[in-house]
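All remarks here apply to the structure that follows.
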Amino acid sequence: MIFLTVGTQLPFDRLVATVDAYCAAHPGEEVFGQIGDGRYQPENFAAVPFLSATQCRSQFRRAELVIAHVGIGSIFTALEFAKPIVMMARLAQHSEHRDNHQEQTLRYFSRLQHCYPINDADQLADALVQARQHPEQRETVSRFAPETTLNALRKVLA
Amino acid sequence: MSSRKLLAVCSGGGHLIELLRLTPAFEGYSVVLASTAPEAPEGQAIARYYRLTDSNATQKLRLLRTAWQTAAVVFRERPDVVLSTGAAPGLLALVWARLRCDKLVWIDSIANPEKMSLSGRIARHLTPHCYTQWPHLQRSAGVQYLGSLIPLNLEPGA
């Protein structure tokens, strides 16, 4: 199962429509989406507007891979559960966010293995093929910040 | 002797996920959390949870409501330390906390890799404890590098 999430703050119809187009062309693909309160309603996969934090974590755990906006919550949770993550940046020119900081963030995070930037349904299809190639190499990331960062903060709080 | 109190304030979603990665460094403090998530996060040692109205710089009325709520939390709880990972609700809490001369800590989200967030740029005038997760951003006046919240090297050229 592929888990699609657009986060809790804003809808992201362009990403939902991209995944819908991909599913139309790949009928065997099972996708479950958390799609916010946008106008676009997908026809080719099941979706809900919102999930609780606990429900969302359990979808991440179940998923084979994740498709998401470039939200830090989505990226960190995917890393924590060692799931590949395919990401589309929200753009201000489509009124998908206030500014284009998701593009900047994506430039940095797409340097990671198992993080795939996309812009359309063709790139999504390519990214999913790539993401499925090396499932055994993924490492999980701790729930907590690295010890060096925690120690730096402990000094600040002392 | 009662333990010292830390008030953690942030928006829901990614900001909250970043903040929860820091909880091991809060040891020795009684922790009160205020965020915009509908419920308190599960499995956390939190004395109390306050739900805040979500707002940003473009939503003046909601911002006023968040300002009022964060003032109520800061003055009721009388924390020794106020810490935030962003965004607007955390900055408002720091503004109120400054009146009471607490220790104020701002940790800018990793979602701002090329420039400190608007809230972060204001926060550095409120406290000497203003941190970024990106080494190349500590060049900005009044900002220090704390370390990253995930153990990954995403620096340019890495």
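Order of the sequence lines sets the chain letters (A, B, ...), proteins ahead of strands, with each chain counted from 1.
A/Phe60 and A/Leu51 fall within a single hydrophobic cluster, where Ile, Leu, Val, Met, Phe, Trp and Tyr are joined by side-chain heavy atoms under 4.5 Å apart, directly or via other members. Note: the hydrophobic cluster containing B/Trp68 does not contain B/Val9 (ILVMFWY, side chain heavy atoms under 4.5 Å, direct or indirect links). Follow the hydrophobic side-chain contacts under 4.5 Å out from A/Ile85 and you never reach A/Leu65; the two are in separate clusters. A/Val48 and A/Leu4 sit in two unconnected hydrophobic clusters of ILVMFWY residues. Membership requires side-chain heavy atoms under 4.5 Å apart, directly or through other members.
The parts of A/Gln104 that come within reach of chain B are both its backbone and its side chain, each placing non-hydrogen atoms under 4.5 angstrom from that chain. Contacts between A/Ser74 and chain B at a heavy-atom distance below 4.5 Å are absent for every atom of the residue. Heavy atoms closer than 4.5 Å to chain A are found nowhere in B/Tyr145, neither backbone nor side chain. Neither the backbone nor the side chain of B/Asp80 comes within contact range of chain A; no heavy atoms are under 4.5 Å apart. With a threshold of 4.5 angstrom between heavy atoms, B/Ser109 approaches chain A through side-chain atoms but not through N, CA, C or O. Proximity to chain B (any heavy atom under 4.5 Å) is restricted, for A/Arg98, to the side chain, taken from C-beta onward. Both the backbone and the side chain of A/Val156 come within contact range of chain B, judged by heavy atoms closer than 4.5 Å. Residue contact with chain B, scored on non-hydrogen atoms closer than 4.5 Å, is absent for A/Ile75.
Remark: B/Arg48 CZ is packed, more than 12 non-hydrogen atoms of other residues, nucleotides or ligands lying under 6.0 Å away. More than 12 heavy atoms of other shown residues, nucleotides or ligands fall within 6.0 angstrom of atom CG in B/Leu99. Surrounding CD of B/Gln59 are more than 12 heavy atoms belonging to other residues, nucleotides or ligands, all under 6.0 Å away. Within a 6.0 Å sphere centred on CZ of A/Arg62, heavy atoms belonging to other residues, nucleotides or ligands number 12 at most. No more than 12 heavy-atom neighbours from other residues, nucleotides or ligands sit within 6.0 angstrom of CD on B/Glu27.
Residues from residues 111-131 of chain B that place a non-hydrogen atom less than 4.5 Å from a non-hydrogen atom of chain A comprise B/Ala111, B/Pro113, B/Glu114, B/His129, B/Tyr131, given in numerical order.
Considering CD1 of B/Ile110 and CZ of A/Phe76, their distance stands at 4.5 Å, rounded to 0.5 Å. Rounded to the nearest 0.5 angstrom, A/Leu153 CG and B/Leu22 CG are separated by 5.5 Å. Note that CG of B/Leu20 and CZ of A/Phe144 are 8.5 Å apart. Values are rounded to the nearest 0.5 Å. In this structure, CD on A/Glu80 lies 8.5 Å from CD1 on B/Ile17, to the nearest 0.5 angstrom. Note that CD1 of A/Ile72 is 13.5 Å distant from CG of B/Leu16, once rounded to the nearest 0.5 Å.
B/Arg21 places a side-chain N or O within 3.5 Å of a backbone atom of A/Ser142 that can act as its donor or acceptor partner.
Contact detail for B/Pro151 and A/Val141: the closest heavy-atom pair is CD-CG1, 3.6 Å. Minimum heavy-atom separation, A/Thr149 to B/Ser148: OG1-O, 2.7 Å. When all heavy atoms are compared, the tightest approach of B/Leu146 to A/Ala152 is O-CB, 3.6 Å. For the residue pair A/Thr54 and B/Glu42, the shortest heavy atom distance occurs at OG1-OE2, 3.1 Å.
By the 30° and 60° cut-offs, the orientation of the rings of A/Phe109 relative to B/Trp134 is perpendicular.
Of the listed residues (B/Gly147, B/Ala25, B/Gly14), the one with the most heavy-atom contacts under 4.5 Å to chain A is B/Ala25.
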